[in-house]
Amino acid sequence: MKIMAIDYGDSRTGVALSDITGFLTGQTFLIKSRSQDVVVERLLALAKEQGAEELVLGHPVNMDGSVGVRAEKCEELARRLEAEGELPVVLWDERRTTVDAHRILGEQGIRSIHRKDKIDAVAASLILEGYLDRKRYQREQEAKA
């Protein structure tokens with residue numbers, strides 16, 4: 001099952017796709033738009049084109065677990081994607097993914113002025129990796145039971 005992870009931002013949305021087995025993180029994409037309508041249209045087209053069967057949307061809850069404006073925007077996007085795309089959407093706690101993405105790119109020697117167009121795709125990859133890890137863990141636990 002191919003899974004698509006999304007890091008939704010104000011002006012850029014990062015997307016990461018798993019391989020066909022839903023085991024590894026594969027391709028990444030970047031959607032540059034401030035319009036939620038455009039983002040929804042492009043995400044659904046990409047999901048169809050790539051054969052995604054499930055969407056995982058980063059849910060940026062605050063560090064204290066509360067839901068702020070950014071998380072509410074993501075919840076709205078999730079509702080639209082489910083309604084318009086007829087694909088299941090999982091909200092995934094993405095606390096610290098952007099911080100970790102900056103760290104990863106910094107460790108690779110990518111200067112901050114060149115990170116802008118990479119950061120959201122890396123964050124989407126981290127969201128996808130976390131989600132795939134949880135699915136693997138759940139399968140292992142079910143196999144033990």
Side-chain angles (χ1 to χ4, degrees), residues 1-19 22-142:
M1 170 195 289
K2 226 173 188 187
I3 300 169
M4 187 167 94
I6 304 159
D7 181 53
Y8 180 49
D10 287 327
S11 59
R12 285 180 301 284
T13 298
V15 179
L17 283 161
S18 74
D19 66 340
F23 191 75
L24 299 171
T25 301
Q27 289 180 285
T28 60
F29 301 88
L30 185 65
I31 298 169
K32 292 183 180 181
S33 180
R34 291 186 172 278
S35 165
Q36 190 181 81
D37 292 337
V38 170
V39 171
V40 167
E41 180 183 316
R42 290 188 185 160
L43 286 172
L44 293 177
L46 187 59
K48 184 175 182 178
E49 175 186 308
Q50 296 294 325
E53 298 174 52
E54 184 176 13
L55 305 179
V56 180
L57 177 60
H59 192 224
V61 295
N62 295 321
M63 292 306 282
D64 66 1
S66 63
V67 175
V69 173
R70 184 83 236 142
E72 289 171 354
K73 286 182 180 181
C74 288
E75 291 167 3
E76 178 187 343
L77 179 66
R79 285 190 294 275
R80 286 193 63 189
L81 289 169
E82 278 190 331
E84 296 175 34
E86 299 178 2
L87 288 171
V89 178
V90 175
L91 289 172
W92 184 257
D93 185 346
E94 68 153 323
R95 281 180 268 195
R96 296 195 42 83
T97 56
T98 301
V99 171
D100 289 342
H102 276 287
R103 181 186 47 77
I104 289 166
L105 292 173
E107 288 171 356
Q108 291 179 349
I110 299 172
R111 294 183 15 202
S112 61
I113 60 170
H114 299 291
R115 290 184 200 166
K116 235 175 160 174
D117 287 341
K118 294 177 176 50
I119 201 73
D120 298 299
V122 172
S125 294
L126 292 172
I127 291 166
L128 183 57
E129 284 179 13
Y131 183 72
L132 294 175
D133 285 347
R134 187 190 76 179
K135 285 185 75 117
R136 274 192 293 275
Y137 176 76
Q138 287 175 331
R139 283 193 300 270
E140 289 170 4
Q141 295 306 305
E142 290 170 4

Revision key, fill the gap. In this structure, CD of Q138 is separated from CZ of R136 (nearest 0.5 Å) by 11.5 Å
Check your understanding: Given the rule in the side-chain contact (heavy atoms from CB on, under 4.5 Å) test, do V56 and I3 qualify, once you have shown the distances and angles that lead to the verdict?
Key -> CA-CA 7 Å; V56 180; I3 300 169; 3.6 Å; yes
Check your understanding: Heavy atoms, side chains only, cut-off 4.5 Å: are L43 and M4 in contact?
Key -> yes
Review point. Within a reach of under 6.0 Å around CD of E86, are more than 12 heavy atoms found that belong to other residues, nucleotides or ligands?
Key: no
Review point. Looking only at heavy atoms, which two atoms of L132 and S18 are closest? And how far apart?
Key: CD1-CB, 4.2 Å
Review point. Can you check whether L17's main-chain N or O pairs, donor with acceptor, with K2's side chain at less than 3.5 Å?
Key: no
Check your understanding: Taking side chain as C-beta onward, heavy atoms only, is D10 less than 4.5 Å from R70?
Key -> yes
Per-pair distances, 0.1 Å, donor-acceptor, side chain in residues 27-34, under 3.5 Å, sequence neighbours excluded:
from: K32; atom 1: NZ; to: D117; atom 2: OD1; distance (Å): 3.4
from: K32; atom 1: NZ; to: D117; atom 2: OD2; distance (Å): 3.1
from: S33; atom 1: OG; to: S35; atom 2: N; distance (Å): 3.1

Check your understanding: Tell me, do Y8 and L57 make a side-chain contact under 4.5 Å, heavy atoms counted?
Key -> yes
Point to revise | Approximate separation, where rounding is to 0.5 Å, of K48 NZ and L87 CG | key: 11.0 Å
Check your understanding: Under 6.0 Å from the CD atom of E41, do we count more than 12 heavy atoms belonging to anything else shown?
Key -> no
Revision key, fill the gap. Result for side-chain contact (heavy atoms from CB on, under 4.5 Å) between I6 and one of D120, L128, L81 points to L81
Review point. Would you say the side-chain atoms of N62 pair up with the backbone N or O of G65, donor to acceptor, closer than 3.5 Å?
Key: no
Exercise for review: State the SG-CG distance between C74 and L91, to the nearest 0.5 angstrom.
Suggested key: 7.5 Å
Point to revise | Side-chain donor-acceptor pair present, Y131, E54, cut-off under 3.5 Å | key: yes
**Study point:** Residue pairs, two or more places apart or on separate chains, that pass side-chain hydrogen bond (donor to acceptor under 3.5 Å, both in side chains) and touch residues 71-82
**Key:** Q36-R80, D37-R80, H59-E75, R80-E84
Review point. What closest approach, in Å, do V89 and A78 show between heavy atoms, and which atom pair accounts for it?
Key: CG1-CB, 3.8 Å
Practice item. Determine whether P88 and L55 make a side-chain contact, defined as any pair of heavy atoms from C-beta on separated by less than 4.5 Å. Key: no
